[in-house]
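Written below as structure tokens is the structure these notes are about.
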Amino acid sequence: MLATRGYAAMTAKAALQPFSFERRKVGPQDVLITITHCGICHSDIHQARDEWGGSIFPMVPGHEIVGTVAQVGSGVKHFKTNDRVGVGCFVDSCRSCPACREGSEQYCEAGMLLTYSGRGKDGQPTQGGYSAQIVVDENYVLRIPSALSSAGAAPLLCAGITTYSPLRHWGVGKYHKLAVVGLGGLGHIAVKIARAMGTEVTVLSTSELKRDDAKRLGAGDFALTSLPETFTRLQRRFDFILDTVSAPHNYNDYVNLLKTDGTMILVGVPDKPTLLEPFPLILHRRRIAGSVIGGIRETQAMLDFCATHSIESDIEVIPIQQVNEAYERVLKGDVRFRFVIDLGSLK
Ligand code: NAP
Ligand code: ZN
Ligand code: ZN
């Protein structure tokens, strides 16, 4: 075993604190990564506070991991020492079900093994990227293109792939109008990626303070969801809506903004359900859909796409000692647009 350290929530809702733990020893297929950066995803907060249920404690969160390869196992084919690599939301899957075979490991029938708050084949809980090192099977490791900075690339490992995958799946492109709901970590990357795909983007936000940011990121229009007139002005405007909102809100209001045959894609995961009204869906043959992250192959394609289009996350880099303050600021929507932990600060 390999002694390492990080920051953990010892129980639901407890502040994160320094924590020593062990990684498995590097097996033949494994890569040992020295973590340099890890993004703070809103899912880290949902899970550290056990808002979705099933969290495993103590929990070292973090699934937007970038670092350098420190050691490779004897059978590792695709990575060597000093390569710059990434790890996203999962570190294993069954590898044999139809989903795994087609590269959609996130939909593995046996369930993907989450990077943290999962339980590996050895029965041990997995621990995430708010830590000094991680050991991961090479098949679940990504390559970071040289055009991307480590800190700016880290959030792509979750926020990037979570928005890229549904846009690709539904073929969102040049002739479509897309609304992105919520301009946070996911939302701001969605705007950049959709613009690079040639899509016309409108940002729907609760915060007037984000109007200028939305325009700078490439949105053609911006509207406040606190104003009732938004929901009349934009009626039947969009082919697609990508909803990245982390808190409960009324989906029915947004469905009315879809054209006939339009699709609202949920990626945000509020901790409470919403009642759906059937008529707005039925009368315009509209759809509500969902999507979770993306497979390994697609995540690599997303990283390469972002390198080609010079897309990185807008970030605020913090030392790990500020992680609890950062959580509070994310909850207030007070971050432009992703906190990234510099693991060099971990003493
Ligand atoms: P974030 O940075 O906190 O952004 C969420 C945004 O939602 C906020 O910036 C805010 O945007 C809006 N919002 C927050 N509270 C709201 C409220 N009460 N009413 C309306 N809008 C509100 O979070 P994130 O990291 O982007 O994650 C967003 C959600 O996606 C989380 O629930 C997360 O767990 C989930 N997620 C899902 C996947 C997946 O695979 N499906 C992957 C990663 C994350 P404005 O200020 O613009 O209103
Ligand atoms: Zn995430
Ligand atoms: Zn599988």
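Residues: numbered from 1 along the sequence shown. As the structure lists them, so they are numbered: ligands from 1, and atoms in each ligand from 1.
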Give every pair formed by an N or O atom of ligand 1 and a protein N or O atom closer than 3.5 Å, one pair per line with both atom names and the distance to 0.1 Å, or write none.
{"residue": "ligand 1", "atom": "2 (O)", "partner": "G185", "partner atom": "N", "Å": "2.8"}
{"residue": "ligand 1", "atom": "3 (O)", "partner": "H42", "partner atom": "ND1", "Å": "2.6"}
{"residue": "ligand 1", "atom": "9 (O)", "partner": "K210", "partner atom": "NZ", "Å": "3.2"}
{"residue": "ligand 1", "atom": "11 (O)", "partner": "L183", "partner atom": "N", "Å": "3.3"}
{"residue": "ligand 1", "atom": "23 (O)", "partner": "H42", "partner atom": "ND1", "Å": "3.4"}
{"residue": "ligand 1", "atom": "25 (O)", "partner": "H42", "partner atom": "N", "Å": "3.0"}
{"residue": "ligand 1", "atom": "25 (O)", "partner": "R338", "partner atom": "NH1", "Å": "2.6"}
{"residue": "ligand 1", "atom": "26 (O)", "partner": "G185", "partner atom": "N", "Å": "3.4"}
{"residue": "ligand 1", "atom": "26 (O)", "partner": "L186", "partner atom": "N", "Å": "2.8"}
{"residue": "ligand 1", "atom": "32 (O)", "partner": "H46", "partner atom": "NE2", "Å": "2.9"}
{"residue": "ligand 1", "atom": "32 (O)", "partner": "V269", "partner atom": "N", "Å": "3.0"}
{"residue": "ligand 1", "atom": "34 (O)", "partner": "S43", "partner atom": "OG", "Å": "2.8"}
{"residue": "ligand 1", "atom": "34 (O)", "partner": "H46", "partner atom": "NE2", "Å": "3.3"}
{"residue": "ligand 1", "atom": "40 (O)", "partner": "I293", "partner atom": "N", "Å": "2.8"}
{"residue": "ligand 1", "atom": "41 (N)", "partner": "V267", "partner atom": "O", "Å": "3.0"}
{"residue": "ligand 1", "atom": "41 (N)", "partner": "S291", "partner atom": "O", "Å": "3.0"}
{"residue": "ligand 1", "atom": "46 (O)", "partner": "K210", "partner atom": "NZ", "Å": "2.7"}
{"residue": "ligand 1", "atom": "47 (O)", "partner": "L183", "partner atom": "N", "Å": "2.7"}
{"residue": "ligand 1", "atom": "47 (O)", "partner": "S205", "partner atom": "OG", "Å": "2.6"}
{"residue": "ligand 1", "atom": "48 (O)", "partner": "T206", "partner atom": "N", "Å": "2.8"}
{"residue": "ligand 1", "atom": "48 (O)", "partner": "T206", "partner atom": "OG1", "Å": "2.6"}

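- Among the backbone and side-chain atoms of H63, an N/O/S atom is found under 2.8 Å from the Zn ion (ligand 2).
- Of the charged side-chain nitrogens involved, at least one lies within less than 4.0 Å of a carboxylate oxygen, so that D92 and R95 count as a salt-bridged pair.
- Relative orientation of the H249 and Y251 rings is perpendicular, given thresholds of 30° and 60° on the angle between their planes.
- Nearest heavy-atom pair, V91 versus L114, reported as atom, atom and distance to 0.1 Å: CG2-O, 4.0 Å.
- In this view, R237 satisfies the side-chain hydrogen bond (donor to acceptor under 3.5 Å, both in side chains) rule with no residue, not counting sequence neighbours.
- Side chains of R84 and T36: a donor-acceptor N/O pair is absent below 3.5 angstrom, by distance only.
- Under 2.8 Å from the Zn ion (ligand 3), one finds the following protein N/O/S atoms: C94 SG, C97 SG, C100 SG, C108 SG.
- The environment of CG in L283 is crowded: more than 12 heavy-atom neighbours from other residues, nucleotides or ligands sit within 6.0 Å.
- Taking 4.0 Å as the cut-off between side-chain N and carboxylate O, R216 and D314 count as a salt-bridged pair.
- Among the backbone and side-chain atoms of C89, no N/O/S atom is found under 2.8 Å from the Zn ion (ligand 2).
- A donor and an acceptor atom, one from each side chain of T4 and E22, are nowhere located under 3.5 Å apart.
- Not counting sequence neighbours, Y7 has no partner by the side-chain hydrogen bond (donor to acceptor under 3.5 Å, both in side chains) test.
- For S55 and Q47, the side-chain atoms include no donor-acceptor pair closer than 3.5 Å.
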